Every structure is written in C-alpha cells, then in structure tokens.
Amino acid sequence: MELVEEMGEKRVVVDKAYLYEEDKPLTVCKTSLFYTGDGFAAYDCHGDIIFRVDSYGPDTRDNDEFVLMDVAGKCLLTVKRKRPTLHQRWEGFLGERSDGQKPIFSVRRSSIIGRCTMEVEVYDGTGEEYTIDGDFSQRSCLIYDTNKRTVAEIKRKVNASTNVMLGRDVFTLEIKPGFDGAFVMGLVLVLDQINGDDPVEIGDEQVHPFVED
C-alpha cells in the first residue's frame with residue numbers, strides 16, 4: 001500500500017476515484033421523506049452530486065438490496081441483506097450484483113439485542129476490520145479501523161448562516177484523507193436499513209442541502 005504524508009495508508013475497497021487528500025465533507029440528503037430507507041443523494045461543498053441511491057417507493061426495503069451509483073448512474077456498489085441472520089448481516093458487492101458473485105465486505109451488529117456497535121469485515125486478504133460506533137438514528141457515528149483511527153464521521157448538519165441544526169433527513173458525512181468514500185457511503189446505506197425503524201425528524205428550516213458547515 002502507498003503511504004501518503006499526514007494521510008496514513010490509502011484504503012481502496014470500492015473505487016480509488018473516491019480517495020481524497022484532505023477531509024471531504026459530504027452533505028447527505030434523503031431524496032424522499034415518505035418512506036424509511038429510500039433514496040439518498042450526497043453532495044460536495046460545491047453542490048455537485050457525488051453519490052445517489054434512487055428510491056423505488058415503500059416496497060424497496062422488502063427487496064433487501066440497494067445500489068449505490070455515481071452522478072451519471074454508474075453502479076458502484078450493491079449492498080444486500082444476508083438471510084437468515086440474527087445479527088442483521090449485510091454484504092457489499094462491486095458494481096451491480098450478479099448471481100454467484102462474491103462479496104467484498106460484510107457488516108453485522110455486534111449483538112442481537114439492544115443498541116450496539118457494528119462490525120465491518122473486508123474480504124481482500126488483508127484481514128482489515130472496522131467498527132461503527134454511535135447512534136445513526138441521531139446521525140452521530142464514528143467509523144474507525146483496528147488501530148482506533150477515525151476514517152469517517154456521521155454528524156448532524158448545521159446551517160452555517162443561522163447556526164441552526166437541521167433535521168435528520170439532512171446530515172454530514174465527513175470522509176478522512178486516504179479512505180474510500182464509496183465504501184463509506186455503502187456503510188451509510190446499511191446503517192439506514194438496520195436503524196430503519198427509527199423515526200426520521202423533518203427539519204423546520206428549508207435550506208439548500210449543500211450549505212457549508
């Protein structure tokens with residue numbers, strides 16, 4: 001692996017195009033507010049869409065499979081729930097999943113009861129694992145590696161002009177330097193599904209979604 005000064009090790013799981021040399025804050029928005037676990041769009045600070053997940057209505061959750069795309073509609077990653085499983089295990093597949101394709105990572109709850117951390121295992125021969133700690137329903141999570149280095153953070157979005165915290169349908173995803181943003185966004189999709197029964201708060205204030213923090 002290539003080392004980058006003050007960045008640590010570059011980590012590609014899905015696509016090296018989404019590695020950044022400095023902190024990369026994205027604003028993630030639910031593209032429909034009527035169903036839990038539906039569409040998302042992720043914007044950079046210039047208002048450009050980086051990732052999107054299209055919504056197909058209330059039956060989408062029944063399929064237990066979601067596709068992360070770039071702005072042009074290219075399939076980057078598919079996440080799919082593995083059944084049967086007690087720990088709500090999800091698996092990630094490169095591109096649009098096909099029958100017989102092997103996953104590149106999995107995500108599971110560390111416990112079958114109560115609120116708990118999520119464990120992420122990457123299947124690339126390195127044995128790399130990550131932990132997701134916090135409460136996604138409150139948009140407050142840290143993702144860190146086995147050395148306890150934070151690789152991404154999910155946090156509430158604050159309107160810079162009014163200093164008002166927005167509703168949970170809009171939040172910030174901050175990707176640390178040298179880490180795969182497409183991989184992190186795939187983890188967000190899984191977290192949204194595992195925590196999908198939590199109510200989503202709608203912010204009172206309407207602002208453009210990519211207003212800077």
Side-chain angles (χ1 to χ4, degrees), residues 1-4 6-30 37 40-46 48-53 66 68-70 76-79 90-92 94 103-110 115-124 126-158 165-166 168-195 209-210 212-213:
M1 290 283 185
E2 180 182 359
L3 296 180
V4 179
E6 297 183 352
M7 280 179 54
E9 200 171 80
K10 286 186 175 180
R11 192 68 179 96
V12 179
V13 179
V14 177
D15 194 325
K16 65 181 180 180
Y18 299 100
L19 295 178
Y20 306 104
E21 295 190 356
E22 55 187 23
D23 285 359
K24 182 73 171 181
L26 300 180
T27 297
V28 183
C29 309
K30 294 184 75 69
F40 282 101
Y43 301 82
D44 66 13
C45 62
H46 305 293
D48 296 325
I49 294 179
I50 306 300
F51 304 113
R52 68 180 230 233
V53 180
F66 300 87
L68 177 69
M69 297 177 287
D70 66 11
L76 302 172
L77 175 71
T78 302
V79 294
W90 286 72
E91 294 178 326
L94 274 180
I104 58 172
F105 68 86
S106 68
V107 186
R108 63 187 288 273
R109 290 169 56 92
S110 60
R115 194 172 298 281
C116 59
T117 60
M118 304 289 175
E119 298 174 350
V120 183
E121 183 178 359
V122 179
Y123 303 137
D124 62 356
T126 64
E128 189 70 29
E129 296 181 348
Y130 300 90
T131 300
I132 306 173
D133 194 9
D135 185 353
F136 181 77
S137 69
Q138 297 299 318
R139 307 304 186 247
S140 178
C141 293
L142 288 176
I143 304 173
Y144 51 86
D145 64 15
T146 51
N147 295 317
K148 300 297 183 181
R149 294 175 299 192
T150 299
V151 297
E153 181 178 4
I154 297 165
K155 55 189 177 181
R156 298 289 292 268
K157 178 79 176 178
V158 176
M165 185 175 292
L166 305 182
R168 284 174 286 170
D169 51 296
V170 180
F171 58 94
T172 296
L173 172 62
E174 186 167 300
I175 304 161
K176 297 301 181 181
F179 202 69
D180 188 337
F183 175 43
V184 175
M185 191 62 198
L187 299 181
V188 169
L189 300 186
V190 173
L191 287 170
D192 184 61
Q193 291 301 303
I194 290 177
N195 294 278
F210 51 81
E212 283 272 29
D213 281 335

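Here the structure is a predicted model, which is why all the values come from computation and not from measurement.
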- Task: Check Glu91, Glu119, Glu129 against Arg108 for a salt bridge (Lys or Arg N to Asp or Glu O under 4.0 Å) and give me the one that passes.
- Result: Glu119
- Query: From Arg149 CZ over to Leu142 CG, what is the distance, rounded to the nearest 0.5 angstrom?
  - Reply: 15.0 Å
- Using the side chain to side chain contact (heavy atoms under 4.5 Å, CB included) rule, take Asp192 and Lys30 through it: C-alpha gap first, then chi angles, then the decisive distance, then the call. CA-CA 11 Å; Asp192 184 61; Lys30 294 184 75 69; 4.0 Å; yes
- May I ask you to say whether Asp169 pairs ionically with Lys157, meaning some side-chain N is under 4.0 Å from a carboxylate O? no
- Task: Sort out for me which residue in Ile154, Ile143, Ile50 forms a side chain to side chain contact (heavy atoms under 4.5 Å, CB included) with Leu173.
- Result: Ile154
- Message: Let me confirm one number: the CG-OH distance from Asp180 to Tyr20, rounded to the nearest 0.5 Å.
- Response: 9.0 Å
- Going by an N to O cut-off under 4.0 Å, is there a salt bridge joining Glu174 and Lys155? yes
- Task: Answer whether the closest heavy-atom distance between the side chains of Tyr123 and Ile104 falls below 4.5 Å.
- Result: no
- Item | Phe179 side, atom CZ; Tyr18 side, atom OH - distance, nearest 0.5 Å | 16.0 Å
- Query: For Asp133 and Thr131, does a side-chain donor sit closer than 3.5 Å to a side-chain acceptor?
  - Reply: no
- Kindly determine whether Phe51 and Leu76 satisfy side chain to side chain contact (heavy atoms under 4.5 Å, CB included), including the steps that lead there. CA-CA 9 Å; Phe51 304 113; Leu76 302 172; 3.8 Å; yes
- So, do Tyr43 and Leu26 sit near enough that their side-chain heavy atoms are less than 4.5 Å apart? no
- Item | Any side-chain donor near an acceptor of the partner, Tyr130 and Arg11, under 3.5 Å | yes
Only distances under 3.5 Å count here; give the side-chain donor-acceptor pairs of residues 182-191 to other protein atoms, sequence neighbours excluded, each with its distance to 0.1 Å.
none

- Between Phe105 and Trp90, is any pair of side-chain heavy atoms under 4.5 Å apart? no
- Item | Test item: Val53 and Met69 side chains (from C-beta on) under 4.5 Å apart, heavy atoms | no
- Closest contact, heavy atoms only, Cys29 versus Val170: SG-CG1, 4.1 Å
- Evaluate the side-chain proximity of Leu19 to Val12: yes if any heavy-atom separation is below 4.5 Å, no if none is. yes
- For Ile132 and Cys141, which heavy atoms make the closest approach, and how far apart are they? CG2-CB, 4.3 Å
- Just how far is it from atom NZ of Lys176 to atom CG of Asp145, taken to the nearest 0.5 Å? 12.5 Å
- From Phe136 atom CZ to Gln193 atom CD, the distance as rounded to the nearest 0.5 Å: 9.5 Å
- Message: With side chain to side chain contact (heavy atoms under 4.5 Å, CB included) as the test, pick out the partner of Leu94 among Val14, Asp15, Thr78.
- Response: Val14
- Message: Could you tell me if the side chain of Thr27 sits less than 4.5 Å from the side chain of Phe171, heavy atoms only?
- Response: no
- Task: Measure the shortest side-chain to side-chain distance between Arg156 and Thr172 over non-hydrogen atoms and say whether it is less than 4.5 angstrom.
- Result: no
